[in-house]
Amino acid sequence: MRIIVRDTAVEAAEHAADLVVDSAGGVLGLATGSSPQPLYAALAARVADGSVDFGRTRGFALDEYVGLDPAHPESYHSIIARDVIGPLGFSPSRVFVPAGSGTLDEVDARALDYDAAIAAAGGVDVQILGIGSNGHIGFNEPGSAADSVTRRVDLAPSTIAANSRFFRSAGEVPVQAVTQGISTILRARSIVLVASGAAKARAVRAAVEGPVGESCPASFLRLHDEVTLCLDSAAASQLGVGLRSGAGVGA
Ligand code: F6R
């Protein structure tokens, strides 16, 4: 695991963008939420100046809410279209988002097919991740197993509370999601996790320095050889002194 620490989220995102452009023409794993926004902005600037072209790149989103119309502005279908497909110039037919609408049986059946679709595309070259303040990656909440695959999950109360900022009323906030599993994520050839802000510092410390296990799903990233954490100094603030400067730890 390599740890890169920069003063600001924008600077950390520039480093992450250097790693993500390697996936152009291949397969990119896409996160949503606030954390990757500076990264998508950095990539969009590079697309605009012609230094990278994602037109032939395939994209697989990490997750989607269950029970939200894909046309809802806060569905991950909408967010991926708005933040990724448009600004980064992906071809819409090459971008896939787990299905969260339909009956629960339909959602479960389509989740089962998602890992096979990723494998059929050749596997993910670079997976972008954020991290929840409880250590989740994708929507693999604490308690998720290392061998979990894409599936429907219950969101943790803290995740529902955090996501409520995107919805007008509490009743509208989804309580379930379909998420790539831990094993799905770990099959990516390389992984770039972006985190910023003091609210992520505890989860970052647990991921990097705590025990590897289900209590902090992001800790499973230490089982992978090609993981880079791109952090701003606030997100890195609870790491051991040597790591706060971005010195890195062994895998
Ligand atoms: C989003 C995702 C989640 C978020 C996490 C952090 O696709 O999989 O794991 O990365 O909840 O969310 P933000 O970045 O909004 O703080």
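Atoms within each ligand, like the ligands themselves, are counted from 1 in listed order.
Applying the salt bridge (Lys or Arg N to Asp or Glu O under 4.0 Å) rule to D18 yields the partners R46; only residues at least two apart in sequence or on another chain are considered.
A donor-acceptor pair under 3.5 Å is formed between the side chain of S183 and the backbone N or O of S148.
Ring geometry for F90 versus F54: interplanar angle under 30°, hence parallel rather than tilted (30 to 60°).
Among pairs with a residue in residues 93-105, those fulfilling side-chain hydrogen bond (donor to acceptor under 3.5 Å, both in side chains) read S91-S93, at least two apart in sequence or across chains. Contacts classified as side-chain hydrogen bond (donor to acceptor under 3.5 Å, both in side chains) and involving residues 51-62 (residues at least two apart or in different chains) are given here: D49-S51.
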Give a table of atom pairs where an N or O of ligand 1 lies under 3.5 Å from a protein N or O.
{"residue": "ligand 1", "atom": "7 (O)", "partner": "T32", "partner atom": "N", "Å": "2.9"}
{"residue": "ligand 1", "atom": "7 (O)", "partner": "T32", "partner atom": "OG1", "Å": "2.7"}
{"residue": "ligand 1", "atom": "7 (O)", "partner": "D63", "partner atom": "OD1", "Å": "2.8"}
{"residue": "ligand 1", "atom": "7 (O)", "partner": "D63", "partner atom": "OD2", "Å": "3.4"}
{"residue": "ligand 1", "atom": "8 (O)", "partner": "D63", "partner atom": "OD2", "Å": "2.5"}
{"residue": "ligand 1", "atom": "8 (O)", "partner": "G138", "partner atom": "O", "Å": "3.4"}
{"residue": "ligand 1", "atom": "9 (O)", "partner": "H136", "partner atom": "NE2", "Å": "3.4"}
{"residue": "ligand 1", "atom": "9 (O)", "partner": "G138", "partner atom": "N", "Å": "3.4"}
{"residue": "ligand 1", "atom": "9 (O)", "partner": "G138", "partner atom": "O", "Å": "2.7"}
{"residue": "ligand 1", "atom": "11 (O)", "partner": "H136", "partner atom": "NE2", "Å": "2.6"}
{"residue": "ligand 1", "atom": "14 (O)", "partner": "S34", "partner atom": "N", "Å": "3.2"}
{"residue": "ligand 1", "atom": "14 (O)", "partner": "S35", "partner atom": "N", "Å": "2.7"}
{"residue": "ligand 1", "atom": "14 (O)", "partner": "S35", "partner atom": "OG", "Å": "2.5"}
{"residue": "ligand 1", "atom": "15 (O)", "partner": "S34", "partner atom": "N", "Å": "2.8"}
{"residue": "ligand 1", "atom": "15 (O)", "partner": "S34", "partner atom": "OG", "Å": "3.4"}
{"residue": "ligand 1", "atom": "15 (O)", "partner": "R165", "partner atom": "NH2", "Å": "3.0"}
{"residue": "ligand 1", "atom": "16 (O)", "partner": "K200", "partner atom": "NZ", "Å": "2.7"}

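Side-chain rings of F166 and H72 stay apart, their centers remaining 6.0 Å or farther from each other.
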